[in-house]
Protein chains: 2
Amino acid sequence: MRLLIARCSVTYAGRLTATLPPAVRLVMVKADGCVAVHADGGAYKPLNWMNAPNTLTEEHGDDDVLRWRVENPQGETLEIAIEEIRYDWSEPLGEDPGLSKDGVEAHLQELLADHPDAVEDGLELVRREYPTDIGPVDLLCRASDGAAVAVEIKRRGELPAVEQLARYVERLERDPLLRPVRGVLVAQRIKPQARTLAEDRGLAWIEVDYDLLRGIDSGELRLF
Amino acid sequence: MRLLIARCSVTYAGRLTATLPPAVRLVMVKADGCVAVHADGGAYKPLNWMNAPNTLTEEHGDDDVLRWRVENPQGETLEIAIEEIRYDWSEPLGEDPGLSKDGVEAHLQELLADHPDAVEDGLELVRREYPTDIGPVDLLCRASDGAAVAVEIKRRGELPAVEQLARYVERLERDPLLRPVRGVLVAQRIKPQARTLAEDRGLAWIEVDYDLLRGIDSGELRLF
DNA sequence: TATTACATGTCGACC
DNA sequence: GGTCGACGTGTAATA
């Protein structure tokens with residue numbers, strides 16, 4: 001990794017054009033060749049950057065300005081004109097053992113598979129990941145009135161989730177053994193627009209509380 | 001900005017749980033208090049981070065380990081256990097004059113609002129951001145034959161854009177004052193799949209040249 | 001504050 | 001190599 005604190009101006013030309021006037025910034029070059037220009041604020045996103053793979057060429061201008069030109073295979077370019085270097089540090093850090101994540105996402109589906117009645121009273125699970133030719137439905141259930149219910153589970157309920165569920169229900173409706181099929185979108189939070197579209201498509205929606213569900217689940221486990 | 005090259009292990013607990021085993025990494029602390037932990041590769045995204053606003057507390061463990069605890073108002077925490085500092089640099093960079101961008105969707109919409117006939121001959125703008133209950137249509141226009149035309153503008157035309165436009169047209173069709181309503185997807189580049197789906201839904205599509213449009217726009221301005 | 005839609009989104013999984 | 005969906009998405013604009 002190389003860390004350069006320098007007064008520089010930057011231009012990116014590619015999917016859009018973005019320019020930075022001269023100022024003191026951090027230029028970070030990682031071992032994989034990616035380059036990022038950071039200001040002293042504004043979250044972790046750099047002002048300008050170029051991801052690997054790319055090629056970096058350096059040239060000295062006659063005006064004491066060092067010019068870096070970073071280009072990627074798509075022809076996008078990042079040009080950094082370095083007027084003054086304040087600090088320059090470089091050393092390999094070595095491989096990183098990597099990040100391990102423990103997500104909330106998969107757990108939510110497990111919990112609801114165990115407690116389908118949290119979605120609708122009397123609902124019983126038929127199968128998780130019920131296959132259709134456009135992909136698996138998260139949960140296929142049977143309601144107390146005998147109707148099939150397709151449940152789509154998301155952490156956040158947005159428009160694409162409604163479309164996805166609508167497609168599933170449409171497919172499942174073609175199966176005479178399942179028909180009629182209702183659809184329910186379940187999420188921790190469902191956006192107003194998604195609610196509107198769901199209702200419009202004849203789909204139900206419900207927000208569930210993850211912590212509450214987990215509490216119910218662990219409470220029941222304690223009974224055994 | 002503070003740059004720390006250190007052997008450290010990191011834990012984030014918040015929307016999910018993520019842990020990093022000990023390794024040498026860059027810890028970047030910006031003037032606004034945001035913290036990012038970078039490996040020597042993997043694009044510009046840090047392995048772990050905590051955005052501003054947050055509070056950083058430092059404590060010395062009895063085992064020669066320096067412990068940073070970063071917490072934000074939502075109660076999410078980032079904990080960094082620093083075992084060994086290899087390099088520690090700190091200095092304010094000052095305010096950044098900021099980034100100027102050209103070529104984002106907003107610009108494209110402005111240009112097309114000024115020149116709807118670039119989409120279709122004789123098209124006239126009725127209103128930008130025409131509201132519907134599932135979101136605003138980028139441009140609502142009137143064609144020379146009197147039909148309403150909903151224009152959806154994207155930098156890149158992909159499947160979701162077609163579906164979005166289809167939803168808008170479906171909504172607008174319900175308004176007897178607008179009916180019949182045609183839909184046009186406008187983008188700098190439209191993927192073949194999106195073209196096919198658009199045609200399938202009875203929607204038109206057109207690719208526009210941003211630089212050309214800008215040229216037309218500045219050319220017309222010169223007339224006044 | 002909350003809601004929305006864009007982003008040089010990035011990133012991984014799967015085909 | 002593409003397509004798709006998730007993301008601790010972040011971010012700015014808007015109501």
Side-chain angles (χ1 to χ4, degrees), chain A residues 10-19 34-37 42-52 54 70 72-78 98-99 101-106 108 134-136 138 152-161 163-164 167 187 189-196, chain B residues 10-19 34-37 42-52 54 70 72-78 98-99 101-109 129 131-138 152-156 158-161 163-164 188 191-194 197:
Chain A
V10 186
T11 304
Y12 162 77
R15 281 160 281 187
L16 55 65
T17 301
T19 56
C34 72
V35 181
V37 180
Y44 67 71
K45 197 177 182 186
L47 295 165
N48 264 320
W49 70 92
M50 182 71 75
N51 285 348
N54 61 50
V70 190
N72 72 7
Q74 290 83 47
E76 299 175 310
T77 58
L78 182 72
L99 185 69
K101 290 183 179 182
D102 178 17
V104 170
E105 188 63 37
L108 191 58
I134 53 166
D138 287 337
E152 176 66 29
I153 302 167
K154 288 274 183 288
R155 198 164 61 76
R156 295 173 321 211
E158 298 177 16
L159 290 177
E163 301 276 23
Q164 192 178 356
R167 286 194 294 265
R189 173 102 178 77
I190 300 179
K191 289 194 176 185
Q193 285 194 343
R195 297 177 188 187
T196 305
Chain B
V10 186
T11 305
Y12 162 78
R15 281 161 281 187
L16 55 69
T17 301
T19 56
C34 73
V35 181
V37 181
Y44 69 71
K45 198 179 182 185
L47 296 164
N48 264 321
W49 70 92
M50 183 70 77
N51 286 347
N54 63 50
V70 190
N72 71 7
Q74 290 84 48
E76 300 175 309
T77 58
L78 182 73
L99 184 69
K101 292 181 178 185
D102 182 21
V104 292
E105 190 199 285
H107 294 199
L108 196 54
Q109 193 187 119
E129 302 288 348
T132 78
D133 55 1
I134 53 167
V137 182
D138 288 337
E152 176 65 29
I153 301 166
K154 285 276 182 284
R155 202 163 50 74
R156 291 175 322 199
E158 298 177 12
L159 289 180
E163 292 185 337
Q164 190 179 0
Q188 290 177 272
K191 290 198 174 185
Q193 278 197 342
L197 183 64

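These numbers come from the heavy atoms of this one structure, side chains and all, not from hydrogens, waters or symmetry mates. This one's a predicted model, so the numbers in the text were calculated from it and none came from an experiment. Proteins come first, then strands; the chains are lettered A, B, ... in the order of their sequence lines, and each starts at number 1.
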side-chain contact (heavy atoms from CB on, under 4.5 Å) with [X]: which residues, sequence neighbours excluded?
{"X": "B:Ala43", "result": "A:Asn51"}
{"X": "B:Leu16", "result": "A:Lys101, B:Tyr12, B:Ala18"}
{"X": "A:Arg189", "result": "A:Arg195, A:Glu207"}
{"X": "B:Gln188", "result": "B:Leu108, B:Arg155, B:Tyr210"}

**Prompt:** Say you pick atom C1' in C:dA7 and the same atom in D:dA6; how far apart are they, in whole Å?
**Reply:**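 After rounding to an integer number of Å, I get 15 Å for this pair.
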**Request:** For nucleotides C:dC6 and D:dC7, find the distance between their C1' atoms and express it as a whole number of Å.
**Result:**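 Comparing C1' positions in C:dC6 and D:dC7 gives a spacing of 15 Å.
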**Request:** For the residue pair B:Glu163 and B:Leu197, establish whether any side-chain heavy-atom pair is separated by less than 4.5 Å.
**Result:**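 A side-chain contact under 4.5 Å exists here.
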**Request:** Evaluate the side-chain proximity of A:Arg15 to A:Glu76: yes if any heavy-atom separation is below 4.5 Å, no if none is.
**Result:**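 In short, these two side chains touch, coming nearer than 4.5 Å.
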**Item:** d(CD, A:Gln74; P, C:dT10) in whole Å
**Value:**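 Going from CD in A:Gln74 over to P in C:dT10 covers 11 Å.
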**Request:** Quickly work out the B:Gln109 CD to C:dA7 P distance and round it to whole Å.
**Result:**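 Roughly 11 Å, once rounded to whole Å.
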**Request:** List the protein contact pattern of nucleotides 8-15 of chain D with one symbol per nucleotide (5' to 3'): B for base contact, S for sugar-phosphate-only contact, - for none; contact means a heavy-atom distance under 4.0 Å.
**Result:** BBSS----
Polar atoms only, N or O, under 3.5 Å: list the protein pairs with nucleotides 2-5 of chain D and their distances.
unit_1	atom_1	unit_2	atom_2	d
D:dC4	OP1	B:Gln193	OE1	3.2

**Message:** What's the separation between atom CG in A:Leu78 and atom OG1 in A:Thr11, rounded to the nearest 0.5 Å?
**Reply:**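 If I round to the nearest 0.5 Å, the distance is 8.0 Å.
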**Prompt:** Is the backbone of B:Ile134 close enough, under 3.5 Å, to the side chain of A:Gln193 for a donor and an acceptor to pair up by distance?
**Reply:**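 Side chain of A:Gln193 to backbone of B:Ile134: a pair is present.
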